[in-house]
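Note on naming: letters A, B, ... go to the chains in the order of the sequence lines (proteins, then strands), and numbering restarts at 1 for each one. These numbers come from a predicted model, not from an experiment.
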Number of protein chains: 2
Amino acid sequence: MNISQAAKLSGLSVKTVRYYADIKMVEPARNIQSGYRSYTNDDVAKLNFIGKARRFNFSIEECRELLSLYQDKNRSSKEVKKLTLAKIASIDEKLKEFHSLRDELSHLVNCCNGDDRPSCPILDELSK
Amino acid sequence: MNISQAAKLSGLSVKTVRYYADIKMVEPARNIQSGYRSYTNDDVAKLNFIGKARRFNFSIEECRELLSLYQDKNRSSKEVKKLTLAKIASIDEKLKEFHSLRDELSHLVNCCNGDDRPSCPILDELSK
DNA sequence: TCTTTACATTCCAGTAACTGGAGACTTTAT
DNA sequence: ATAAAGTCTCCAGTTACTGGAATGTAAAGA
């Protein structure tokens, strides 16, 4: 199938699918006459896999790793679990950061009248 | 003072301070002989302000806005509060995303034996 | 004074993961 | 035959810096 159908089936944009070909993540065959990329169902399965992993916040390089584990019938589940645990840990860090950010900001907002006068505890805090 | 002291006092890197000059956020005077950037205490205060706002996850453009409010003695606190509330809302969205991501991933991890055998519920889920 | 060292300048490239657009070619529909 | 839709490659832009090269200036030591 052509790229637009592969994109539709995998839920990715044509640009993204072409990008994944460029970076050698999913390299389809080529139609010799037209030069058009020609995707198989297997290619689409890989695109799907990548799309899902990306939505799980795995980076492109991590996706590459997961993909090669996915295609290796002899891999151990230990390796996959390790990658996933690391991903969870990094998400936990981000969560912590964002939580404390949120707390500080909402504290500032609560202190601010939000009226037409210039006095503003938020700016006061930022300038300290 | 020269750029390295301004950097030190504001807790930013020299590169970053120079970058803020390039994008016209904090434009110091120049020493005519040497061409060196020459920072005042006021400039450092602005750098500080920006550094803090960045740590609060405000984008450069938002910092620009906050900075002009900060320098406008007649601004209303309403405007600042509005920006900050929008920032909190966007942080809340990210928090929600990361929370559900975390939950899904940790569910998968719990299902995975993590042994030397190839069977892996994580990859199974990604390939669905 | 000379030299070394530290600090400063500009400019270019790279980061992550795409996205948008131009110009050209192929396929499909009318 | 022509027009529209789909595809191709290549280049630039996004965010907020960071690293490095080549070059110039200032301060400190011999």
Whole Å only: how far is the [atom1] atom of [X] from the [atom2] atom of [N]?
X       : N      : atom1 : atom2 : value
B:Arg64 : D:dC17 : CZ    : P     : 12 Å
A:Glu61 : C:dT15 : CD    : P     : 11 Å
A:Arg55 : C:dC18 : CZ    : C1'   : 15 Å
B:Gln5  : D:dA26 : CD    : P     : 17 Å
A:Ile32 : C:dT26 : CD1   : C1'   : 16 Å
A:Tyr19 : D:dC11 : OH    : P     : 17 Å
B:Gln33 : D:dA26 : CD    : C1'   : 12 Å
A:Asp22 : C:dA16 : CG    : P     : 16 Å

If every non-hydrogen atom of A:Val17 is compared with every non-hydrogen atom of A:Ser10, which pair is closest and at what distance? CG2-OG, 4.3 Å

Between [N] and [X], is there an OP1 or OP2 to side-chain N/O distance shorter than 4.0 Å?
X       : N      : result
B:Arg30 : C:dT10 : yes
B:Ser4  : C:dA8  : yes
A:Arg54 : C:dC18 : yes
A:Thr16 : C:dT19 : yes
B:Tyr20 : D:dC17 : yes
A:Arg37 : D:dT7  : no

What I want to find out is whether B:Glu79 reaches B:Lys82 closely enough, with some N-O distance under 4.0 Å, to be called a salt bridge. no

Are the side chains of B:Phe49 and B:Leu66 in contact, using a 4.5 Å heavy-atom criterion? yes

If you only use heavy atoms from C-beta on, which nucleotide in C:dT26, C:dA17, D:dT18 is closest to the side chain of A:Tyr36? C:dT26

Determine the contact category for B:Ile3: base if any of its heavy atoms lies under 4.0 Å from a base atom, sugar-phosphate if only primed atoms, P, OP1 or OP2 are that close, otherwise nothing. sugar-phosphate

So what does A:Arg18 hit on the nucleic acid, given a heavy-atom distance under 4.0 Å: a base, only sugar-phosphate, or nothing? base

More 5' along DNA chain C: B:Val14 or A:Ser59, using each one's nearest nucleotide? B:Val14

Go through the steps for A:Ile50 and A:Tyr70 under the test side-chain contact (heavy atoms from CB on, under 4.5 Å), then give the verdict. CA-CA 11 Å; A:Ile50 295 163; A:Tyr70 170 56; over 6 Å; no

Pairwise 5' ranking along DNA chain D for B:Ser34 and B:Ile60, keeping only the more 5' one: B:Ile60

Has B:Lys94 got a side-chain atom pairing as donor or acceptor with A:Phe98's backbone, closer than 3.5 angstrom? no

